[in-house]
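Reviewing the structure listed below.
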There are 2 protein chains.
Amino acid sequence: MVKYQSDTLDHIFSALSDPTRRAILARLALGETTVSELAEPFDMSLPAVSKHLKVLEGVGLLVRERQGRLHLCQIDGAPMREAANWIGRYRRFWDTQLDSLADYLERSNTNNRKNPSGGKNG
Amino acid sequence: MVKYQSDTLDHIFSALSDPTRRAILARLALGETTVSELAEPFDMSLPAVSKHLKVLEGVGLLVRERQGRLHLCQIDGAPMREAANWIGRYRRFWDTQLDSLADYLERSNTNNRKNPSGGKNG
DNA sequence: TTGATATTTAACCATTGAGTTAAGTAATGG
DNA sequence: CCATTACTTAACTCAATGGTTAAATATCAA
């Protein structure tokens with residue numbers, strides 16, 4: 001039984017896994033705007049978008065500044081840093097010329113099954 | 001109506017949003033291993049882990065090399081590149097000195113609007 | 001006050017996701 | 001052959017997610 005990692009990471013990745021939400025963030029990257037303007041491009045109801053905004057707000061990717069009846073929304077990328085850091089730890093598995101690990105293993109490793117206690121990758 | 005972005009991104013982020021799956025990847029980063037060894041640390045049934053592996057395999061983050069009745073699993077980070085690229089586009093929203101937009105607002109604004117919706121604890 | 005505008009909340013529904021147990025498949029070895 | 005080992009598939013439950021419509025809230029503007 002292993003102790004689980006940060007569950008904010010769960011929520012950040014989960015928030016980013018929805019295309020509508022990513023599109024909203026893309027729009028927000030251009031500058032702050034209102035809920036209805038955010039909703040406009042999508043073929044879905046306003047409440048649906050409202051929920052998406054709530055999710056983004058929940059993980060801190062979106063910040064609201066209410067101005068009368070308008071809700072001005074801005075992006076806050078800070079939570080993405082965590083995600084980026086996590087993914088970054090796996091950079092060596094994709095950022096090199098050895099795209100797939102298979103290549104790497106083929107070259108560096110004759111036959112070390114299982115625990116690579118003498119492992120040199122790092 | 002806006003055209004959606006890559007739906008592989010959906011699946012990659014979704015795959016990464018599960019802590020069990022991330023833990024599996026972490027283990028895999030240490031070297032290839034079998035299904036049962038991957039399953040061992042978790043307090044869940046083998047079929048449950050099997051499903052997780054299938055998800056990871058589905059997005060290409062895991063590669064199997066069957067060897068008799070053992071399924072040797074390796075990580076393939078390649079799909080993460082896409083996720084990293086996507087997140088990277090938002091780097092300016094977190095990599096700068098203005099860490100969180102909240103700080104910015106706090107300074108430039110009346111600081112009364114901190115927790116607008118307040119719904120859940122988060 | 002009345003009505004329109006901006007947005008959320010509530011209640012509901014269908015689909016998906018993560019887990020379960022039980023059964024099935026395939027390779028190994030006495 | 002038969003049992004064991006390694007793993008998957010099937011069938012099911014339960015909770016969460018993403019959408020809906022209808023109603024509620026709050027602000028602006030006559």
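Remember, predicted model here, so these are calculated numbers, not experimental data. Letters A, B, ... are given to chains in the order of the sequence lines, protein chains preceding strands, and every chain is numbered from 1.
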* **Selected nucleotide, minimal atom distance to Arg66(A) side chain, candidates dT20(D), dG18(D), dA26(D)** => dA26(D)

* 5' precedence on DNA chain D between Asp18(A) and His71(B) (nearest-nucleotide basis) -> His71(B)

* Is Leu53(B) reachable from Val55(B) through a run of I, L, V, M, F, W or Y residues, each pair having side-chain heavy atoms under 4.5 Å apart? -> no

* NA contact type, Ser14(A), heavy-atom cut-off 4.0 Å: base, sugar-phosphate, or nothing? -> nothing

* To do: Would you mind reading off the distance between Leu53(B) atom CG and dG17(C) atom P, rounded to a whole angstrom?
  => 16 Å

* Checking side chain to side chain contact (heavy atoms under 4.5 Å, CB included) for the pair Phe93(B)/Gln74(A): CA distance, chi angles, key distance, verdict? -> CA-CA 11 Å; Phe93(B) 292 107; Gln74(A) 308 179 66; over 6 Å; no

* Asked: Tell me: NZ of Lys54(B) to C1' of dG17(C), nearest whole Å?
  -> 14 Å

* Would you indicate what Leu70(B) reaches in the nucleic acid, counting non-hydrogen atoms under 4.0 angstrom: base, sugar-phosphate, or nothing? => sugar-phosphate

* To do: Would you mind telling me which of dA22(C), dG19(D), dT8(C) lies closest to the side-chain atoms of Arg64(A)?
  => dT8(C)

* Asked: So which nucleotide from dA4(C), dT9(C), dA22(C) ends up closest to the side chain of Arg69(A)?
  -> dA4(C)

* Separation of atom CG in Leu46(A) from atom C1' in dT21(D), rounded to whole Å -> 13 Å

* Return the value, rounded to whole Å, for the distance between atom CZ of Phe42(A) and atom P of dT20(D). => 12 Å

* Asked: Among the clusters formed by ILVMFWY side chains lying less than 4.5 Å apart, do Ile12(A) and Val59(B) turn up in the same one?
  -> yes

* Ser17(A) side chain vs Ser14(A) backbone, donor-acceptor pair below 3.5 Å -> yes

* To do: Tell me whether the OP1 or OP2 atom of dG18(D) has a side-chain N or O from His52(A) closer than 4.0 Å.
  => no

* Asked: Closest to the Arg21(B) side chain: dA10(D), dG18(D), dA18(C)?
  -> dA18(C)

* Asked: Roughly how many Å is it from CG in Asp43(B) to P in dA18(C), rounded to a whole number?
  -> 17 Å

* What is the distance, rounded to the nearest whole Å, between atom CE of Met44(A) and atom P of dG18(D)? -> 10 Å

* **Phosphate-side-chain proximity, Ser45(A) and dG19(D), N/O vs OP1/OP2 below 4.0 Å** => no

* **Between CD1 on residue Ile75(A) and CZ on residue Arg92(B), distance to nearest 0.5 Å** => 8.0 Å

* To do: Please state whether the phosphate of dT20(C), meaning OP1 or OP2, lies under 4.0 angstrom from any side-chain nitrogen or oxygen of Lys51(B).
  => no

* Residue Ser50(B), side-chain atoms from C-beta onward, closest of dT9(D), dT8(C), dT21(D) -> dT9(D)

* Structure fact -> Taking dG19(D), dT8(C), dG19(C) as options, the one with an atom nearest any side-chain atom of Thr20(B) is dG19(C)

